[in-house]
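Quick note: residue numbers are just sequence positions, from 1.
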Amino acid sequence: MSEKILVVAVHPDDETLGCGATLLKHKAAGADIHWLIITEDKVENGASQTEIDIRALEILKVSKMYGFHSIKNLKLPTMHVDEYSMSELIERISKEIKEIQPNIVYLPFKSDVHSDHRKIFEAAYSCTKTFRYPFIKKVYMMETISETEFAPNTKEEAFIPNVFVDVSDFLEKKLDIMRVFQSELSVHPFPRSEENIKALATFRGAMAGVRYAESFMLLKEIQ
């Protein structure tokens, strides 16, 4: 039986920034990869219908480039996740996790500067309890450019990776996929620039003794 991989993306593009090349590597190894999107822009919150339509097309194109086995979208309003109770968030995320039954889960970093990221981490991590979700064998936090590096620079809040994935063969496709999210990229020194994405992969690769790497914090592993 092939592995099932789930990435929890608070916003579309978080999956690509945080673990895009790793997802491609999982896919190349025969795993089923699944995408759980939490939020979307809405007209009532200031987005234009044109922007919403463009993002829907981007999600469709990106899903095909990855070859996701499934895409789920909770469609919570971006920047308004804190208006939902924790119990409601847990219930909605739990429903999707129980349906997918992933073996490996990638979550946002617990101290990302974006409040949506922090709240979704808390809710999603509650959905990894072994006695309720015995199919989950590994849980990682991922490093999302423009969110993770702006967490408070204290030892309690710092992203300290302890898992490195050699993605040397997959970084260029990750960049191709990220280019689909045209509105999310800009030129250096903007954090979400192609130059910065490649620089982080180079830096993490040097830490691991490979050309390019993505890094993670392992929270749980059951062997």
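- Residues meeting the side chain to side chain donor-acceptor pair (under 3.5 Å) test with S87, sequence neighbours left out: S85.
- Taken together through direct or relayed side-chain contacts under 4.5 Å among Ile, Leu, Val, Met, Phe, Trp and Tyr, F181 and L24 form part of one hydrophobic cluster.
- For the atom pair CG (L57) and CD1 (I52), the distance works out to 12.5 Å, reported to the nearest 0.5 Å.
- F159 and V163 fall into different hydrophobic clusters, where Ile, Leu, Val, Met, Phe, Trp and Tyr are joined by side-chain heavy atoms under 4.5 Å apart, directly or via other members.
- For the pair A151 and V113, the tightest heavy-atom approach, listed with the atom from each and the gap, is N-CB, 4.4 Å.
- Legend: residues meeting ring-ring contact (aromatic ring centres under 6.0 Å, His included) with F68, ordered by chain and number and at least two apart, are W35, Y66.
- Pairing each heavy atom of F216 with each of G18, the nearest pair is CE2-O, 3.6 Å.
- Contact record, E157 with P152: CB-O, 3.3 Å, taken as the closest heavy-atom pair.
- Applying the salt bridge (Lys or Arg N to Asp or Glu O under 4.0 Å) definition to pairs two or more places apart or across chains, none involves residues 84-94.
- By the ring-ring contact (aromatic ring centres under 6.0 Å, His included) test, H114 pairs with H11, H117, sequence neighbours left out.
- The distance from the OG atom of S2 to the NE2 atom of H69 is 8.0 Å, given to the nearest 0.5 Å.
- A continuous path of Ile, Leu, Val, Met, Phe, Trp and Tyr side chains, each step under 4.5 Å between heavy atoms, connects Y212 with M142, placing both in one hydrophobic cluster.
- Residue pairs meeting the salt bridge (Lys or Arg N to Asp or Glu O under 4.0 Å) criterion with at least one member in residues 33-57, sequence neighbours excluded: E40-K42, R55-E58, R55-E184.
- The salt bridge (Lys or Arg N to Asp or Glu O under 4.0 Å) pairs that include a residue from residues 116-128 number zero, where partners must be two or more places apart or lie in different chains.
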**OP:** With side-chain contact (heavy atoms from CB on, under 4.5 Å) as the test, would you mind laying out the steps for I38 and D14 before giving the verdict?
**Re:** CA-CA 10 Å; I38 303 297; D14 288 344; over 6 Å; no

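- Between the side chain of K61 and the backbone N or O of V180, no donor-acceptor pair lies under 3.5 Å.
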Determine all donor-acceptor pairs shorter than 3.5 Å in which one atom belongs to a side chain in residues 193-205; sequence neighbours excluded.
| residue | atom | partner | partner atom | Å |
| --- | --- | --- | --- | --- |
| S193 | OG | F190 | O | 3.3 |
| S193 | OG | N196 | N | 3.0 |
| E194 | OE1 | R179 | NE | 3.2 |
| E194 | OE1 | R179 | NH2 | 2.9 |
| E194 | OE2 | R179 | NE | 2.9 |
| N196 | ND2 | P191 | O | 2.7 |
| K198 | NZ | E172 | OE2 | 3.3 |
| T202 | OG1 | K198 | O | 2.8 |
| R204 | NE | E143 | OE1 | 3.1 |
| R204 | NE | S215 | OG | 3.1 |
| R204 | NH2 | E143 | OE2 | 2.7 |

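- Put simply, CZ on F150 and CD1 on I145 are 10.0 Å apart, with the number rounded to the nearest 0.5 Å.
- For the atom pair CD1 (I120) and CD1 (I90), the distance works out to 10.0 Å, reported to the nearest 0.5 Å.
- With rounding to the nearest 0.5 angstrom, the CG atom of N73 is 9.5 Å from the CD atom of E96.
- In this structure, the salt bridge (Lys or Arg N to Asp or Glu O under 4.0 Å) partners of E214, at least two apart in sequence or on a different chain, are K174.
- Closest non-hydrogen pair, V210 versus A213, comes out as CG2-CB, 4.0 Å.
- Side-chain atoms of V8 and I93, non-hydrogen and from C-beta on, never get closer than 4.5 Å to each other.
- Residue M65 qualifies as enclosed at atom CE: its count of foreign heavy atoms under 6.0 Å is above 12.
- Other residues, nucleotides and ligands contribute over 12 non-hydrogen atoms within 6.0 Å of the NZ atom of K220.
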Mind listing the side-chain donor-acceptor pairs of residues 129-141 below 3.5 Å, one per line with the distance, residues two or more places apart or on another chain?
| residue | atom | partner | partner atom | Å |
| --- | --- | --- | --- | --- |
| Y133 | OH | S94 | OG | 2.7 |
| K137 | NZ | P134 | O | 3.0 |

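- For residues 41-63, the set of pairs meeting the ring pair (Phe, Tyr, Trp, His ring centres under 6.0 Å) definition, not counting sequence neighbours, is empty.
- Looking only at side-chain heavy atoms (C-beta outward), L76 and L89 come within less than 4.5 Å of each other.
- When side chains are defined from C-beta on, D112 does not count as touching V10, because their heavy atoms never get closer than 4.5 Å.
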**OP:** Start with the C-alpha gap between I33 and V7, add the side-chain angles, then the distance that decides, and say whether side-chain contact (heavy atoms from CB on, under 4.5 Å) holds.
**Re:** CA-CA 8 Å; I33 57 174; V7 56; over 6 Å; no

Please set out all donor-acceptor pairs under 3.5 angstrom arising from side-chain atoms of residues 100-110, sequence neighbours excluded.
| residue | atom | partner | partner atom | Å |
| --- | --- | --- | --- | --- |
| N103 | OD1 | K4 | N | 2.8 |
| Y106 | OH | H26 | NE2 | 2.8 |
| K110 | NZ | E156 | O | 3.1 |

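- By the criterion of side-chain heavy atoms lying less than 4.5 angstrom apart, applied directly or through intervening Ile, Leu, Val, Met, Phe, Trp or Tyr residues, L175 is grouped together with F170 in one hydrophobic cluster.
- Partners of Y125 under the ring-ring contact (aromatic ring centres under 6.0 Å, His included) rule, at least two apart in sequence or in another chain, are F121.
- Hydrophobic clustering (ILVMFWY, side-chain heavy atoms < 4.5 Å, transitive): L185 and V62 are in one cluster.
- To the nearest 0.5 Å, atom OG of residue S168 and atom NZ of residue K25 are 8.0 Å apart.
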